[in-house]
Amino acid sequence: MPSLAVGGQRIAYEVRGSGDPLLLVAGTGYPGSTWSPELLAPLAAAHTVITFDHRGTGDSPASADR
């Protein structure tokens with residue numbers, strides 16, 4: 001899973017599809033894998049869908065101050 005550094009913290013994310021961007025934000029404490037393939041497939045057919053893992057979930061490590 002790709003990642004980027006935000007304020008010195010690594011955040012893992014995934015991008016699917018093409019078109020206007022659509023950022024899906026799972027509830028705090030949930031990884032991006034929370035979104036089901038049944039939801040993502042039709043969205044990705046019309047948009048560039050971006051999901052991410054909150055800090056301390058999935059492939060995003062917890063912050064050093066926690």
Side-chain angles (χ1 to χ4, degrees):
M1 177 179 278
S3 65
L4 56 90
V6 177
Q9 178 65 42
R10 191 170 62 83
I11 302 293
Y13 68 94
E14 288 191 44
V15 178
R16 299 167 180 82
S18 61
D20 291 333
L22 178 62
L23 177 65
L24 299 183
V25 181
T28 303
Y30 288 95
S33 62
T34 296
W35 303 103
S36 72
E38 293 81 14
L39 173 70
L40 293 174
L43 291 175
H47 301 279
T48 298
V49 179
I50 306 148
T51 59
F52 67 96
D53 294 341
H54 284 278
R55 290 184 289 178
T57 67
D59 290 332
S60 294
S63 54
D65 61 347
R66 290 188 174 207

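For the numbers below, each heavy atom of this structure counts, side chains included, while hydrogens, waters and symmetry mates do not.
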| message | Restricting to non-hydrogen atoms, name the atom on Ala26 and the atom on Pro31 that form the minimum distance, rounded to 0.1 Å. | response | CB-O, 4.0 Å
| Ser60 (side chain) donor-acceptor with Asp53 (main chain) under 3.5 angstrom | yes
| request: Start with the C-alpha gap between Leu24 and Leu43, add the side-chain angles, then the distance that decides, and say whether side-chain contact (heavy atoms from CB on, under 4.5 Å) holds. | output: CA-CA 10 Å; Leu24 299 183; Leu43 291 175; 4.2 Å; yes
| query | If you look at every heavy atom in Asp59 and Met1, which pair is closest and at what distance? | reply | OD2-CB, 3.5 Å
| Do Thr51 and Arg16 come close enough that some side-chain heavy atom pair is under 4.5 Å? | yes
| Sequence neighbours excluded, which residues qualify as side chain to side chain contact (heavy atoms under 4.5 Å, CB included) partners of Leu23? | Val25, Ile50, Phe52
| Hey, quick one: are Leu39 and Leu22 part of the same hydrophobic cluster, counting side-chain heavy atoms closer than 4.5 Å, chains of contacts allowed? | yes
| Partners meeting side chain to side chain contact (heavy atoms under 4.5 Å, CB included) with Pro42 (sequence neighbours left out) | none
| field | Exam field: side chain Ser18 to backbone Thr48, donor-acceptor pair closer than 3.5 Å | value | no
| said: For the CD atom of Gln9 and the OG atom of Ser63, what is their distance to the nearest 0.5 Å? | reply: 5.5 Å
